[in-house]
Amino acid sequence: MATTWLGPKGRATALASMADEELDVLVVGGGIVGAGIALDAVSRGLSTGLIEARDFASGTSSRSSKLIHGGLRYLEQLDFELVQEALQERGLLLTRLAPHLVRPVPFLFPFQHHWERFYIGAGVALYDTLALTSRNNRGLPSHRHLTRSGALRVFPALKRGALAGAIQYWDCQVDDARYVTTVLRTAAGLGARIASRVQAVEFLREGEHVVGATAADLESGERLRIRARQVVNAAGVWTDDIQEMVGGRGQIHVSASKGVHLVVPRDRIQASSGMILQTEKSVLFVIPWGRHWIIGTTDTPWDLDKENPAASRADIDYVLDHVNQVLRTPLGRDDVEGVYAGLRPLLSGESEETSKLSREHTVAHPVPGLVLIAGGKYTTYRVMAKDAVDAVAHGLGGGVPESVTDRLPLVGADGYSALYNQRHRLARDSGLHVSRISHLLRRFGSAVHDVLDLIKEREDLGRPLAGSDDYLRAEVVYAVEAEGARHLEDVLSRRTRITFETWDRGIAAAEEAAELMAEPLGWDRAQVEREVEYYRKGIEAERAAQEQDTDQEADAIQHGAPEIVPDVHADRS
């Protein structure tokens, strides 16, 4: 498989190719499910294209809890099949498909009453048993029971009176946006045509058949007709909007649920493990994230702006109030360095049967030539993609090979373990500190050589980015040249996580990052300044929204921030 660079030239080539020839499959949506479908389809030998109206993973797929997990709470709902399927996928990602991106993380599950030890312990034991009965679940330790004193040694930040004991178990985490980009690069390496900032505006029809889509290149303003034998809608919370393009409400109805996460510095919570807490609504996670903790999430209905869901003061207070119930030293708003909000696409419907699907996924073929997929969870994206392409294969009349993605390592996976063992040598050869090499390996895997080659060509790229010491200048250039970043927000919010990992939310890093992006993207000084200004305005709106008490007030402020590339359907008045 070729190493693929999703840079400006690659995008132009992909668009020209999609406009010139009929595809077997056109995927609409560049989140994790769309990316997985593109990879599954192209690896079965189908000519494949993918378009995304914004940046890759810019919706739900960059704003999750960043966990690869079976969903312990679904055992309580007796959804054993969903949990086992997710644990099977967790094992595949950890051991075979993406060991450079998916890593184990321990979680403490405290309880307040001694009788809960049996109930919670039985659930966690079943969780581990389901994992062991799945393939590829080696490498994660089994759960262990802890006394109150033992739990406090693991998590000293807890109030002594907040627990009678605890159970510690293991799951996995991932940088969700980086994972999406890696899946897309893997698909492109196999021949898929991939382009962001390209919006499907209507479907091409021949009679009742969908035979492609008219798309708008939001960067150039040009329109192109992309013909395809099958179109797959993988638009997540935008599913209903896409269905309107084929004549109103269809077979799948999606409701959006808002989840808000807070990011606080690692030193604010003294602990060597993550934690899961039961709330009156679901669960709350405290998740280690480098030099930070991610705490969340909320779960509230959302019917406002889908592109940039706003976190309100009430959301932030909800998370703080719940985590402070167990912390010895409470967190305040001044401890919050970052906030992000995302929307979960939950299946809903008029019937009770449909509404029960919520975290499962469904595939529909409402009209000839169009496949819809919605629901599911991040961890099971590969299964969702397989099911969608199976539906495509049926629409194509059969003869399509079976899915091979369960044995297809992603870009950067091959050779990663050996390179990680050689990180000290790589540090000596490159002149970088070994901690920098470890950081790069955990982000790029064996593709780390591409980044190191950039530094060899330009020594200045080996310096940290101003305003965000965790990232090198080379990572900004690589984000443009190899990972399809086209705007400043793409780099600061998704290729890196500077937007929520720094107190100023990336403002100090913005100008230098934009200047580094200018050469590969052909920007002049005016465009650099425009990118920085739009980014600053977005952060200002986000901060102002988080001071509002209601969703409506927060949305009104955040929705008013200008987009660097507006939606073609947006009101530009």
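Note that this is a predicted model, so its numbers are computed, not measured.
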Backbone of G484 reached by a side-chain donor or acceptor of R11 within 3.5 Å: no
Taking S65 for the side chain and L67 for the main chain, is one N or O donor matched with an acceptor at less than 3.5 Å? no
Does the R63 side chain pair with the main chain of S58, one donor and one acceptor, at a distance under 3.5 Å? yes
Please check this pair: side chain of S446 against backbone of D414, looking for a donor-acceptor N/O pair closer than 3.5 Å. yes
Do you know which two heavy atoms are closest between V411 and T186, and how far apart they sit? N-OG1, 3.0 Å
Please determine, by modelled atom types, if S142 and D128 share a side-chain donor-acceptor pair under 3.5 angstrom. no
Keeping S62 on the side-chain end and A57 on the backbone end, is there a donor-acceptor pair under 3.5 Å? yes
Would you check, one step at a time, whether the test side chain to side chain contact (heavy atoms under 4.5 Å, CB included) holds for V319 with T298? CA-CA 7 Å; V319 175; T298 61; 3.8 Å; yes
Looking at H69, is its backbone amide N or carbonyl O close enough to the side chain of T379 to form a donor-acceptor pair, meaning the two atoms are under 3.5 Å apart? yes
What are the two closest non-hydrogen atoms of M275 and F107, and how far apart are they? N-CD2, 3.5 Å
Closest non-hydrogen contact found for V283 with R73 is CG2-CD, 3.8 Å
Check ring-ring contact (aromatic ring centres under 6.0 Å, His included) between Y535 and all other residues, then give those that pass, not counting sequence neighbours. none
Side chain to side chain contact (heavy atoms under 4.5 Å, CB included) between V286 and V323: does it pass, once the steps are laid out? CA-CA 8 Å; V286 180; V323 76; 3.8 Å; yes
Scan side-chain atoms only and decide if S468 and E501 contain a donor-acceptor pair under the 3.5 Å cut-off. no
May I ask you to decide whether E89 forms a salt bridge with R96, counting only side-chain N to carboxylate O separations under 4.0 Å? no
Would you check if the side chain of R495 reaches a backbone N or O of R178 as a donor-acceptor pair within less than 3.5 Å? no
Geometric class of the F444/Y478 ring pair [parallel <30°, tilted 30-60°, perpendicular >60°]: perpendicular
Between T181 and A177, is there a donor-acceptor pair closer than 3.5 Å when you use the side chain of the first and the backbone of the second? yes
Any donor-acceptor pair under 3.5 Å linking the side-chain atoms of R382 with those of T405? yes
Y340 vs H261 aromatic rings, parallel, tilted or perpendicular, using cut-offs 30° and 60°? parallel
I'd like to know if D469 pairs up with R436 as an ion pair, taking the criterion as any Lys NZ or Arg NE/NH1/NH2 lying under 4.0 Å from an Asp or Glu carboxylate oxygen. yes
When the ring planes of F500 and W289 are compared, do they come out parallel, tilted or perpendicular, using 30° and 60° as the limits? tilted
Enumerate the residue pairs fulfilling salt bridge (Lys or Arg N to Asp or Glu O under 4.0 Å) with a member in residues 420-433, sequence neighbours excluded, ordered by first and then second residue. R425-D429
Using only atom types and a distance under 3.5 Å, with no angle test, would you say the side chain of T496 pairs donor to acceptor with the backbone of V491? yes
Short N-O contact, K9 and E481, less than 4.0 angstrom: no
Qualifying residue, where the test is side chain to side chain contact (heavy atoms under 4.5 Å, CB included) with V477 and the options are I455, V451, L516: L516
Answer with yes or no whether the side chains of E531 and Q527 bring together a donor and an acceptor at under 3.5 Å. yes
Closest heavy-atom contact between V33 and A385? O-CB, 4.5 Å
Write down the atom of S43, the atom of L39, and the distance for their closest heavy-atom approach. OG-O, 2.8 Å
Flag the pair D176 and R497 as a salt bridge only when some basic side-chain nitrogen lies within less than 4.0 angstrom of an acidic carboxylate oxygen. yes
For the pair K386 and D406, evaluate salt bridge (charged side-chain N to carboxylate O under 4.0 Å, His left out) and give the outcome as yes or no after the intermediate values. CA-CA 10 Å; K386 174 185 177 298; D406 61 340; over 6 Å; no
Using a distance-only test with no angle check, is there a side-chain donor-acceptor pair under 3.5 angstrom linking Y179 and Y378? no
Taking the basic N atoms (NZ, or NE/NH1/NH2) and the acidic carboxylate oxygens, is any pair closer than 4.0 Å for R443 and D470? no
When every non-hydrogen atom of D55 is compared with those of R494, the smallest separation belongs to OD2-NE, 2.6 Å
Does a donor on one side chain sit under 3.5 Å from an acceptor on the other, for Q168 and S273? yes
The test is side chain to side chain contact (heavy atoms under 4.5 Å, CB included); show your working for I194 and R185 and say whether it passes. CA-CA 9 Å; I194 310 289; R185 290 190 67 197; over 6 Å; no
Looking only at side-chain N and O atoms, does S149 offer a donor or acceptor that is under 3.5 Å from a partner on T147? no
Does CZ in R291 sit with more than 12 non-hydrogen atoms of other residues, nucleotides or ligands closer than 6.0 Å? no
